[in-house]
Amino acid sequence: MLASTFVLFGATGDLAKRKLFPALYNLDLDGKLPEPFAVFALGRKPFDDEMFREHAAEAIRRFSRRGNADEEKISRFVKRIKYQIADATDAAGYAGLRETVEKRERELGLPGDRLFYLSVAPEHFGPIASHIRASGLAKENALTRLVIEKPFGRDLATARALNAALLESFPAEDIYYIDHYLGKPMVQNLQSLIAANPVLKAVLSNKYVANVQITASETVGVESRAGYYDEAGALRDMFQNHMLQLLMMTARHSEIFDKRRIMESAYPIAKEAAGSHVVRGQYAAGSADGKPLAGYLDEPGIVPGSRTETYVAARVMLDDPIWRGVPFYIRTGKRMSEKSTRIVFVFKDPLEAHIQGEPVRNYLTIRVQPDESVDFRLNLHGMDGGLEPVSLRFSTRKEEVPEAYERLLHDALSGDPTFFAHWDEIELAWKWVQPLQEAFAENRVPLYTYPAGSRGPKEAEELLAEQGFSWLEQEDLAPEPRVEAEAVAAGR
Ligand SMILES: NC(=O)C1=CN([C@@H]2O[C@H](COP(=O)(O)OP(=O)(O)OC[C@H]3O[C@@H](n4cnc5c(N)ncnc54)[C@H](OP(=O)(O)O)[C@@H]3O)[C@@H](O)[C@H]2O)C=CC1
Ligand SMILES: O=C1O[C@H](COP(=O)(O)O)[C@@H](O)[C@H](O)[C@H]1O
């Protein structure tokens, strides 16, 4: 059943503006919100309803993939929003908030099934949950859902403490830990892509796969989040959550479908050995499209001399019957040459024994964003008598891909936890990452620089070269195909 009251803490913030209001609006356009639907936008800034509705409308115009369409629809959507000035740390204020919510629900005839979305800094997660419970803002005998944003802790101990604090106020089944990478349609598709295609299922194992490469590269730098990012770094910001979730989603298979068991099967990397399996980097000055880009240390708000990493690459091995012996190379970085999230299965060289020079390989590339595609690189006999790569491709245009937050908000409203991170996965991921955090803090892993707008530190090549591999970049994966089968899906 859908919750029909949406209470958003942190409604004046960046995430609400860029992702949450546009996602709610798109759900409204698609008829996926209940009718009526009440939105309570909470923040400390001195907006009134009308001012805030214009703020939300502007966010939708700027950031929704369909925001430039229809002013009437935008106006109808924002009328659902009521703005409430509220300091989340003020326990006494929650009684008033409860009255406001109940009054509105009575007006609209709503049952009091409420979703609380905590889009605020993590130090507020525990106290807000506790105040919601103590004030009775979570209604007895009605549905309650609590959505928690990241970062979920800054290490294993703080994540455990935070989880314990949340569990004092809410039962585990009411808590939804959002990881927006799990909301990306192609990530959600991974399971059916493999399960529904025996041909893929048959070859995705250590018998045929030489290595797997998971990349999430970004062109943006630290932007306006220096305060948070300089404390977090790429390991906490992207690797512990999004990248390890991508690993779990990629590696699970019909024998071991539970993501927890995949994470459990990842061989730990001791801090003393981290330098042999992990590369960290920080962007220096560089350029993109002919324009100069500042180095990380010159970005506004970064602590002088900061050793925070903006790039991490790691080799992960799994103690799993299907994947034993296959390296999973995982990398993420800011200020790289391209925005791309993709998973590449690199197949073993069928002609290894017979060919000189470049190996001949098949690749299966699953592009998650910006465009979605599944691309099989085959080798055909070319005109010149040699082998020539060709692609078999299915793709969806970027504008047609629903935003991750759309799907996840709808799932949370509906009470479907499938594509949320589960506490055990979060805990296992922190456990795995902990020695790397220590190794970074103790400077056991060199911090290499790379020019902004590049492919990251050249030292990351060595991670693969040791085993005779190399990172596959877009141009390696998408050779101009001589033969192409392309299916463009509309409106998925
Ligand atoms: N922005 C992003 O791209 C992403 C953000 N996140 C996470 O989402 C959460 C929100 O991030 P973001 O929107 O960027 O943060 P911002 O700093 O932009 O916004 C913070 C929000 O919290 C509110 N707030 C702060 N203190 C209080 C308080 N005492 N009482 C009530 N409200 C308060 C602010 O209200 P006001 O300004 O009115 O005081 C504001 O609405 C964080 O946990 C972040 O890590 C996760 C992934 C990506
Ligand atoms: O969670 C985060 O994700 C974004 C990247 O998300 P994407 O959907 O654009 O790939 C990243 O920029 C940010 O630093 C991080 O906190």
message: If you count heavy atoms of other groups shown closer than 6.0 angstrom to CZ of Arg261, is the number above 12?
response: no

message: If the threshold is 4.0 Å, N to carboxylate O, is there a salt bridge linking Asp289 and Lys291?
response: no

message: Can you confirm whether or not the ring centre of Tyr176 sits under 6.0 Å from the ring centre of Phe420?
response: yes

query: Yes or no on side chain to side chain donor-acceptor pair (under 3.5 Å) for Gln213 and Tyr363, after CA distance, side-chain angles and deciding distance?
result: CA-CA 11 Å; Gln213 303 184 10; Tyr363 310 132; over 6 Å; no

message: Donor-acceptor check, side chain of Asp230 to backbone of Val303, threshold 3.5 angstrom: yes or no?
response: yes

query: Counting heavy atoms not belonging to Lys201, are there more than 12 under 6.0 Å from its NZ?
result: no

field: Closest contact, heavy atoms only, Gln245 versus Ala421
entry: NE2-CB, 3.6 Å

- prompt: Where the side chain of His253 meets the backbone of Glu255, is there a donor-acceptor pair that is under 3.5 Å apart?
  reply: yes

query: Any donor-acceptor pair under 3.5 Å linking the side chain of Trp471 with the backbone of Thr215?
result: no

message: Main chain of Leu182, side chain of Gln188: is a donor-acceptor contact present, judged purely on distance under 3.5 Å?
response: yes

message: Out of the candidates Glu299, Lys334, Arg335, only one should pair with Tyr283 under the side chain to side chain donor-acceptor pair (under 3.5 Å) rule; please name it.
response: Glu299

query: How about Phe9 and His124: are their ring centres within less than 6.0 Å of each other?
result: no

message: Looking at Glu264 and Arg252, is there a salt bridge between them, counting it only when a charged N and a carboxylate O are closer than 4.0 Å?
response: no

field: Pairing of Arg315 and Glu466 as salt bridge, 4.0 angstrom limit
entry: yes

- prompt: Within 45° of the ring axis of Tyr181 and under 6.0 Å from its six-membered ring centre, is that where the NZ or CZ of Lys184 lies?
  reply: yes

- prompt: Think Arg280 forms a cation-pi with Phe440, using NZ or CZ under 6.0 Å from the six-ring centre and within 45 degrees of its axis?
  reply: yes

- line: Result for side chain to side chain donor-acceptor pair (under 3.5 Å) between Glu406 and one of Lys19, Arg65, Lys32 points to Arg65

message: For Asp411, is there an ion pair with Arg407 - N to carboxylate O distance below 4.0 angstrom?
response: no

task: Assess the pair Tyr311 and Tyr450: is the distance between their ring centroids shorter than 6.0 Å?
output: yes

query: Are Arg225 and Glu231 close enough for a salt bridge, meaning some N to O gap below 4.0 Å?
result: no

- request: Could you tell me whether Glu425 and Arg260 have a side-chain N and a carboxylate O separated by less than 4.0 Å?
  value: no

message: Salt bridge check, Asp375 against Arg393: does any charged N sit closer than 4.0 Å to a carboxylate O?
response: yes

query: Backbone N or O of Leu20 within a donor-acceptor pair of the Glu403 side chain at under 3.5 Å?
result: no

message: For Phe328 and Trp323: C-alpha separation, side-chain torsions, deciding distance, then whether ring-ring contact (aromatic ring centres under 6.0 Å, His included) applies.
response: CA-CA 9 Å; Phe328 282 73; Trp323 292 117; 5.3 Å; yes

